[in-house]
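Contents: one structure, followed by commentary.
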Amino acid sequence: MKNLVEVIAKALVDHPEEVIVTETESDKSIVIELKVAQEDMGKVIGKQGRIAKAIRTVVKSAASKDERKVIVEILQ
């Protein structure tokens with residue numbers, strides 16, 4: 001899941017070298033934290049959060065076979 005978020009984020013931003021993705025796992029969930037450069041925040045979130053919602057949907061679909069909840073957080 002971490003690699004998937006990283007590939008998507010790097011494709012969207014102007015500064016792909018500043019993309020940082022961390023993954024924390026527990027028994028029933030996975031938390032993925034995404035950090036990008038301040039000037040790239042709008043590109044990752046999108047108008048009214050549409051791009052962020054799309055990223056979350058893709059990741060949840062990829063994780064559905066594991067029957068684990070995946071949470072994608074975009075941090076500043």
Side-chain angles (χ1 to χ4, degrees):
M1 295 304 133
K2 177 181 172 182
N3 294 335
L4 177 62
V5 173
E6 191 171 350
V7 168
I8 293 170
K10 284 185 177 182
L12 293 171
V13 299
D14 289 335
H15 305 284
E17 66 279 356
E18 294 187 37
V19 172
I20 300 170
V21 181
T22 57
E23 184 176 76
T24 308
E25 293 189 38
S26 66
D27 292 338
K28 295 192 178 197
S29 67
I30 300 172
V31 178
I32 299 173
E33 295 178 342
L34 171 63
K35 288 185 183 182
V36 297
Q38 187 65 36
E39 55 270 12
D40 289 330
M41 286 297 287
K43 293 178 178 154
V44 173
I45 295 173
K47 287 187 180 181
Q48 298 180 351
R50 289 182 183 166
I51 294 175
K53 185 176 179 182
I55 292 170
R56 290 182 178 114
T57 301
V58 168
V59 172
K60 284 181 184 181
S61 296
S64 65
K65 64 181 178 192
D66 295 340
E67 296 181 10
R68 296 172 98 185
K69 184 177 180 181
V70 177
I71 301 166
V72 178
E73 295 180 354
I74 300 171
L75 306 175
Q76 288 187 349

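Because the structure is a prediction, the values reported are computed rather than measured.
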Are side-chain heavy atoms of Val19 and Val13 found at a separation under 4.5 Å? yes
After noting the C-alpha distance and the side-chain angles of Leu75 and Leu34, does the key distance pass the side-chain contact (heavy atoms from CB on, under 4.5 Å) rule? CA-CA 6 Å; Leu75 306 175; Leu34 171 63; over 6 Å; no
Sort out for me which residue in Lys10, Glu18, Met41, Gln76 forms a side chain to side chain contact (heavy atoms under 4.5 Å, CB included) with Val36. Met41
Please list, one pair per line, the donor and acceptor atoms closer than 3.5 Å that link side chains of residues 44-60 to other protein atoms, with sequence neighbours excluded.
unit_1: Arg56; atom_1: NE; unit_2: Val72; atom_2: O; d: 2.9
unit_1: Arg56; atom_1: NH2; unit_2: Val72; atom_2: O; d: 3.2
unit_1: Thr57; atom_1: OG1; unit_2: Lys53; atom_2: O; d: 2.9

Distance check, rounded to the nearest 0.5 Å: Ile32 atom CD1 versus Leu4 atom CG? 7.5 Å
State the CD-CD distance between Glu33 and Glu73, to the nearest 0.5 angstrom. 5.5 Å
Between the side chain of Arg68 and the main-chain N/O of Ser26, is any donor-acceptor distance below 3.5 Å?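 Answer holds: yes.
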Pairs involving residues 35-46, ordered by first then second residue, that meet salt bridge (Lys or Arg N to Asp or Glu O under 4.0 Å) (sequence neighbours left out): Asp14-Lys43
Qualifying residues under salt bridge (charged side-chain N to carboxylate O under 4.0 Å, His left out), relative to Glu23, sequence neighbours excluded: none
Can you give me the closest heavy-atom contact between Val21 and Lys2, atom names plus distance?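 In terms of heavy atoms, the two residues are closest at O-CE, 3.0 Å.
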Please determine whether side-chain hydrogen bond (donor to acceptor under 3.5 Å, both in side chains) holds for the pair Ser64 and Ser61, giving the CA-CA distance in whole Å, both sets of side-chain angles, and the decisive distance to 0.1 Å. CA-CA 5 Å; Ser64 65; Ser61 296; over 6 Å; no
side-chain contact (heavy atoms from CB on, under 4.5 Å) between His15 and Glu17, worked out: CA-CA 5 Å; His15 305 284; Glu17 66 279 356; 3.7 Å; yes
